[in-house]
Each structure stands twice: as structure tokens, then as C-alpha cells.
Amino acid sequence: MRRWLFIVLAFLVSVQAAAFAKEKQADVKEEGARPAATITVEEMERRWPEQDADADVLYVKVKDDQVEVYEGLAKDRSLRKQLILQLPNAEMLRLYTLNKATYEQMSKMLLDYENDNTNFNGYKIITDKDLPRKLDNGAQVYRFWFMKIEREKASRRGWNVPIGIGIGIGGHRHHGPWIGVGW
């Protein structure tokens, strides 16, 4: 009887923990990475000479003449991941920054996702770096790009693994002992 009580209690605790994790994940998704501003390409290029190279600012070119400005990505991995998840799929997105730390962290994260073949809701990441562009004031604009490409298969494995496996041991006086495995 105690064993059953323990099993039921463990099940209830795991259900509660899963519900809490799902609720917390929904809160994070709603919050997301929000652009500080949306500007044109010309405005972005006008800002570069005036901008401090230590400013943690990332420019993401999402359309032909539309650039979203994000701040605070160098030190916040979860914010970088949220940004990658919420940016449009199947479009090549160009990223620009004057801050070397922002460039290194963002490009390293994208390269890790590409090398690990990480699955983003049925999409995989491809990325590459361009040569930095030197400005007249001596600063460098670090340039790189990435794209989310739809996968041919939803899973990286060629076969599906069952979620649960059951093992039973029993016996009966007329049928003898038995062991069963199933899923």
C-alpha cells in the first residue's frame, strides 16, 4: 500500500513540475527579444561613425530596407536564443555590430547550432562570417549572416524511439514463469 502511495505521490509531483516548467516557458516566449528600434539601412550606416565600439548593439537586416536594432545580447545567452527563434524562417538575415564581444558571442552560438545540427522547430541553422568593414574613424563593422532552412525530416534520427518501455515478470502454476518486454 505504501508503495502505491509513493508512486501516486511521485506522479503528482512530476505533473506539477511539468506544468510549472511549461508555464514558465510560455512567459519567456511572450517576453521574447524585442527590438529597441526599427530603422532603415541608411540610418544604420549613419549611426556607425557616431556609435561607441563598446556599445552592445546588434543590427539585424530583416528585409531589403528594414533593420531591427537589438541591445544587450553579448552577456545574455537566453536573449540570443530567443532572437534566433523569433527571427523569420527561410530568409537570409544579415547581422552587423561594432562590438567585438557581441560579434564573437552571437557568431559562436550560431556556429555551434550549425555544427550540432540543432533542430529549431523543423529548421536547421546555416551561418557564415564576412570580412569586417573598416570605417573612416578606424572602427570595424563585424558582419555575419545566418539562415534557418527547413529540414527534410523532423528528426535527426532515421527511426522513432518509443516513449515508454514496459517489463513484466510473472507466472502462473499452469503456465510456468514468464518475462515480457513491450513498448
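Just so you know, these numbers come straight off a predicted model, no measurement behind them.
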Enquirer: Are Leu98 and Tyr103 grouped together when hydrophobic residues (ILVMFWY) are joined by side-chain heavy atoms under 4.5 angstrom apart?
Expert: no
Enquirer: Quick one, Asn117 with Lys124, criterion side chain to side chain contact (heavy atoms under 4.5 Å, CB included). Give me CA distance, side-chain angles, the key distance, then yes/no.
Expert: CA-CA 6 Å; Asn117 201 17; Lys124 67 179 180 177; 3.9 Å; yes
Enquirer: Evaluate the side chain to side chain contact (heavy atoms under 4.5 Å, CB included) criterion for residues Val69 and Val57: first the C-alpha distance (whole Å), next the side-chain angles of each, then the deciding distance (0.1 Å), finally the verdict.
Expert: CA-CA 7 Å; Val69 182; Val57 179; 3.6 Å; yes
Enquirer: Can you tell me how far apart CE (Met92) and NZ (Lys61) are? Round to the nearest 0.5 Å.
Expert: 8.5 Å
Enquirer: Should we count CG of Asp136 as having more than 12 external heavy atoms under 6.0 Å?
Expert: no
Enquirer: When rounded to the nearest 0.5 angstrom, what is the spacing between NZ in Lys129 and CZ in Phe146?
Expert: 15.5 Å
Enquirer: Just verifying a value: how many Å separate Ile39 CD1 and Tyr59 OH, rounded to the nearest 0.5 Å?
Expert: 5.5 Å
Enquirer: I'd like to know if Asp76 and Arg80 make a salt bridge, using a cut-off of under 4.0 Å between side-chain N and carboxylate O.
Expert: no
Enquirer: Tell me whether Val60 is reachable from Met44 by hopping between hydrophobic residues (I, L, V, M, F, W, Y) whose side-chain heavy atoms are closer than 4.5 Å.
Expert: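 Cluster IDs for Met44 and Val60 differ.
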Enquirer: Between CZ of Arg143 and CZ of Arg133, what distance do you get to the nearest 0.5 Å?
Expert: 7.0 Å
Enquirer: Any non-hydrogen side-chain atom of Leu93 less than 4.5 Å from a side-chain atom of Pro88?
Expert: yes
Enquirer: Kindly indicate, with the supporting measurements, whether the criterion salt bridge (charged side-chain N to carboxylate O under 4.0 Å, His left out) is fulfilled by Arg47 and Glu50.
Expert: CA-CA 5 Å; Arg47 287 184 180 192; Glu50 303 165 2; over 6 Å; no
Enquirer: Is any side-chain heavy atom of Ile125 closer than 4.5 Å to a side-chain heavy atom of Lys148?
Expert: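 Result yes, sub-4.5 Å side-chain heavy-atom pair found.
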Enquirer: Where do Ala101 and Ala74 come nearest, in terms of heavy atoms and distance?
Expert: C-CB, 4.2 Å
Enquirer: I need the Asp56 CG to Thr97 OG1 distance, nearest 0.5 Å.
Expert: 7.0 Å
Enquirer: Are the side chain of Thr127 and the backbone N or O of Trp145 linked by a donor-acceptor pair below 3.5 Å?
Expert: yes
Enquirer: When you measure from the side chain of Lys100 to the backbone N and O of Gln140, does any donor-acceptor pair fall under 3.5 Å?
Expert: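 Side chain of Lys100 to backbone of Gln140, a donor-acceptor pair under 3.5 Å: no, none is there.
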Enquirer: More than 12 foreign heavy atoms under 6.0 Å from CG of Asn137: is that the case here?
Expert: yes
Enquirer: According to a hydrophobic-cluster definition based on side-chain heavy atoms being under 4.5 Å apart (Ile, Leu, Val, Met, Phe, Trp, Tyr only), do Val62 and Leu73 belong together?
Expert: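 Val62 clusters together with Leu73.
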Enquirer: Going hydrophobic residue to hydrophobic residue with side-chain gaps under 4.5 angstrom, can you get from Val41 over to Trp48?
Expert: yes
Enquirer: Got a donor-acceptor contact below 3.5 angstrom from the Asp116 side chain to the Thr118 backbone?
Expert: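 Side chain of Asp116 to backbone of Thr118: no pair is present.
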Enquirer: Test of understanding: clusters of I, L, V, M, F, W, Y form through side-chain heavy atoms closer than 4.5 Å, transitively. Do Leu85 and Tyr70 belong to the same one?
Expert: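 Yes; Tyr70 is reachable from Leu85 via cluster members.
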Enquirer: List the steps, then state whether side chain to side chain contact (heavy atoms under 4.5 Å, CB included) holds for Met147 with Tyr123.
Expert: CA-CA 9 Å; Met147 187 174 187; Tyr123 291 86; over 6 Å; no
Enquirer: For residues Glu71 and Leu79, report the shortest heavy-atom separation together with the two atoms involved.
Expert: O-CD2, 4.1 Å
Enquirer: Considering only heavy atoms from C-beta outward, does the side chain of Leu83 approach that of Leu58 to under 4.5 Å?
Expert: yes
Enquirer: Drop me the distance from Lys75's NZ to Thr102's OG1, to the nearest 0.5 angstrom.
Expert: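 That separation rounds to 9.5 Å.
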Enquirer: Return yes if some donor-acceptor pair links the side-chain N/O of Gln86 with the main-chain N/O of Ala33 below 3.5 Å, else return no.
Expert: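 It does hold such a pair.
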Enquirer: Got a donor-acceptor contact below 3.5 angstrom from the Asp130 side chain to the Phe144 backbone?
Expert: no
